[in-house]
Amino acid sequence: FANGCFWGSEKSIWRLPKGIHSTAVGYCAGYTPNPTYEEACSSQTGHTEGFRVVYNPAEISYVDILRMFWENHDPTQYMGQG
C-alpha cells in the first residue's frame with residue numbers, strides 16, 4: 001500500500017481485529033536510490049511512503065484490508081498525506 005504517510009496508515013491496519021501478522025514501512029517508486037526520510041519528505045526524490053502488510057487470508061480478506069486503507073486515506077491531500 002502506498003500513500004503519502006505510512007505511519008498513520010500502518011497504524012490503522014494494526015487496529016484490524018485479526019489476521020495481520022506484520023507490517024513494514026518504506027518508500028515506493030522514485031528515482032533516488034535509498035532515500036532518507038528527510039529526502040523522501042522533501043518531494044524531490046519522486047518517492048511516496050508505503051507499507052507492506054503480511055496477513056493470513058484465512059483470517060482476514062484483502063478486501064477488508066483495502067476497506068480499512070481507503071477509509072483512513074484521502075489521496076487528494078497534498079503529497080497524498082491523507
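Quick caveat, the model's predicted, so the values are computed rather than measured.
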task: Please list all pairs passing the salt bridge (charged side-chain N to carboxylate O under 4.0 Å, His left out) test where one or both residues lie in residues 55-69, with sequence neighbours left out.
output: Asp64-Arg67

For the student: nearest non-hydrogen atoms of Ala40 and Pro35, plus distance: N-CB, 4.4 Å

task: Rounded to the nearest 0.5 Å, what's the gap from CZ on Phe51 to OG on Ser12? Could you check?
output: 5.5 Å

Single-linkage hydrophobic cluster, 4.5 Å side-chain cutoff, Val54 and Tyr62 together: no

Just distance, no hydrogens or angles: give the donor-acceptor pairs under 3.5 Å from side chains in residues 15-29, sequence neighbours left out.
unit_1	atom_1	unit_2	atom_2	d
Thr23	OG1	Glu10	OE2	2.6
Thr23	OG1	Trp14	NE1	2.9
Tyr27	OH	Tyr37	N	3.4

message: For the CG atom on Asn56, are there more than 12 heavy atoms of other groups (residues, nucleotides or ligands in this structure) within a distance under 6.0 Å?
response: yes

- line: Thr36 and Glu39 have their tightest heavy-atom pair at N-OE1, 2.8 Å

